[in-house]
Colleague: 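Here you go, one structure.
First listed ligand is number 1; within each ligand, the first listed atom is number 1.
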Amino acid sequence: MKTVITSNVTKAVEILRNGGLVAFPTETVYGLGADATNVSAVRKIFHAKERPYDHPLIVHIAGIEQLGDWAQDVSSEAMKLAQVFWPGPLTMILKKQLHVLDIVTGWQDTIGLRVPRHPVARSLLHEFGSGIAAPSANKFTHISPTTAISVYEELDDEVDLILDGGDCAIGLESTIIDMTSTVPTILRPGVITPAEIEDVLGITIRSSRQDKPLVRAPGMHHLHYAPKTKVVLVETKNIANSVKKLATQELPAVVVTWSDVVLDADVSQVKMPNDAAAYAKRIYQTLRSLDAQNYQVMLVEHVPDGLAWDAIRDRLSKASQ
Ligand code: TXA
Ligand code: MG
């Protein structure tokens with residue numbers, strides 16, 4: 001099987017209808033999609049990603065009008081969030097409709113639903129007309145791809161077609177909120193913050209910051225969002241010392257910073273933006289390209305405390321475990 005990289009949406013729809021795999025761009029990261037109603041097609045996703053079957057998939061739909069096809073007993077709060085944040089980087093966990101395949105939901109009675117806003121994803125979903133089950137298009141526990149080429153490098157020829165939609169604008173996976181719990185609960189932080197959701201709902205929600213451990217926390221596998229090279233998080237004030245230590249051990253290292261900390265000229269350093277959105281957009285691509293070089297360690301500067309950095313802090317801390 002040979003992967004085709006193209007912008008031909010009609011061809012992608014044909015492949016989905018025939019039970020094949022299509023990687024497609026979303027505003028967050030690239031997804032690895034299959035017809036959510038076709039068991040053997042969905043099984044191919046797990047095979048390509050080498051992902052355990054108990055990790056459920058998000059079903060992507062074209063719009064709020066398809067919500068009832070996949071979820072039942074949708075609360076007025078969930079409807080409000082859909083109206084405000086869709087299309088966009090919000091995934092809601094809802095009670096599933098009976099027909100939804102067990103392989104999609106990991107044998108749970110809930111389903112993760114999202115309407116992406118990337119124009120290529122939107123036209124794919126409109127033309128396909130039904131739900132597309134899609135996790136991020138990377139091998140299990142690796143970094144999510146944010147370009148078409150990274151998808152190809154991750155999955156080789158295990159995907160029939162990759163829709164090229166350029167670089168993902170956000171660069172980190174969607175915010176996941178469980179709307180089936182008594183109090184809505186954030187299961188995975190993303191660019192849509194708890195404060196924005198609380199503003200819309202007018203109630204206090206729960207987020208992983210306040211409440212640990214979480215029950216069905218996605219991405220809670222001990223290693224996730226991780227490059228192969230060891231990642232060590234370092235506070236700004238300790239960077240210079242850590243670099244010195246590594247130098248005495250003669251370990252080839254690279255330092256990823258965002259502040260204006262100045263290091264010796266002979267240390268490899270990658271300077272990231274000091275703005276959270278710009279940092280998020282670049283971080284996976286940066287880790288991916290550093291991973292392809294021969295470093296033994298990546299020292300990554302702790303990111304700032306602010307809410308806007310929550311999703312980034314979450315992914316970096318998982319990458320470093
Ligand atoms: O931005 C995103 O969300 C991307 C794009 C492609 O949409 N998708 C993505 O999918 O990140 P994935 O599979 O890599 O991460 C989705 C997470 C998984 O950790 C999974 O466990 C969780 O969502 N999830 C899916 N359905 C769930 C459910 N019914 N209950 C609890 N967690 C669920
Ligand atoms: Mg993923």
Colleague: Heavy-atom count check: over 12 atoms from other residues, nucleotides or ligands less than 6.0 Å from Lys245 NZ?
Modeller: no

Colleague: Could a heavy atom of His60 be found less than 4.0 Å from some atom of ligand 1?
Modeller: yes

Colleague: For Thr105, state whether at least one heavy atom is located under 4.0 Å from any atom of ligand 1.
Modeller: no

Colleague: Using 4.0 Å as the upper bound for N to carboxylate O, is an ion pair formed by Lys2 and Asp157?
Modeller: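 Yes, Asp157 and Lys2 are salt-bridged.
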
Colleague: Any idea which atoms of ligand 1 are less than 4.0 Å away from a heavy-atom of Ile176?
Modeller: 17 (C), 23 (O)

Colleague: Is it the case that ligand 1 has an N or O less than 3.5 angstrom from some N or O of Thr28?
Modeller: yes

Colleague: Please classify the Glu27 to ligand 1 contact at 4.0 Å (heavy-atom distances, strictly less than): side chain, backbone, both or neither.
Modeller: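 The answer is neither.
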
Colleague: Check the orientation of Trp258 and Trp309. Use parallel for under 30°, tilted for 30 to 60°, and perpendicular for over 60°.
Modeller: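 Tilted, since the angle between the ring planes falls between 30° and 60°.
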
Colleague: Heavy-atom contacts with Ser174 under 4.0 Å: which atoms of ligand 1 show up? List them by number with element.
Modeller: 1 (O), 2 (C), 3 (O)

Colleague: What atoms of ligand 1 come closer than 4.0 angstrom to any heavy atom of Gly31?
Modeller: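 Here the atoms of ligand 1 in question are 6 (C).
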
Colleague: Taking only Lys NZ, Arg NE, NH1 and NH2, and the carboxylate oxygens of Asp or Glu, determine whether Glu14 and Arg17 approach each other closer than 4.0 Å.
Modeller: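 Arg17 and Glu14: not salt-bridged.
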
Colleague: Counting only heavy atoms not in Lys244, do more than 12 fall under 6.0 Å of its NZ?
Modeller: no

Colleague: Would you mind running through ligand 1 and noting each atom that sits below 4.0 Å from a heavy atom of Thr110?
Modeller: 28 (C), 29 (N), 30 (N)

Colleague: Does Ser144 bring an N, O or S atom to within less than 2.8 Å of the Mg ion (ligand 2)?
Modeller: no

Colleague: Identify the heavy atoms of Leu155 and Ala137 that sit nearest to each other, and give their distance.
Modeller: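 It is CD1-O, 3.5 Å.
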
Colleague: Could you walk me through whether Leu172 and Arg315 pass the side-chain contact (heavy atoms from CB on, under 4.5 Å) test, one step at a time?
Modeller: CA-CA 8 Å; Leu172 290 182; Arg315 305 308 191 276; 4.0 Å; yes

Colleague: Taking 4.0 angstrom as the limit, do Glu154 and Arg288 come out as a salt bridge?
Modeller: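 A salt bridge is present here (some side-chain N lies under 4.0 Å from a carboxylate O).
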
Colleague: Report the part of Arg188 (side chain from C-beta onward, or backbone N, CA, C, O) that has a heavy atom under 4.0 Å from ligand 1; answer both or neither where that applies.
Modeller: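 For Arg188, only side-chain atoms sit under 4.0 Å from ligand 1.
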
Colleague: What are the atoms of ligand 1, with element, lying closer than 4.0 Å to any heavy atom of Ile58?
Modeller: 3 (O), 8 (N), 9 (C), 10 (O), 16 (C)

Colleague: Under a 4.0 angstrom heavy-atom cut-off, which atoms of ligand 1 come close to Gln108?
Modeller: 28 (C), 30 (N)

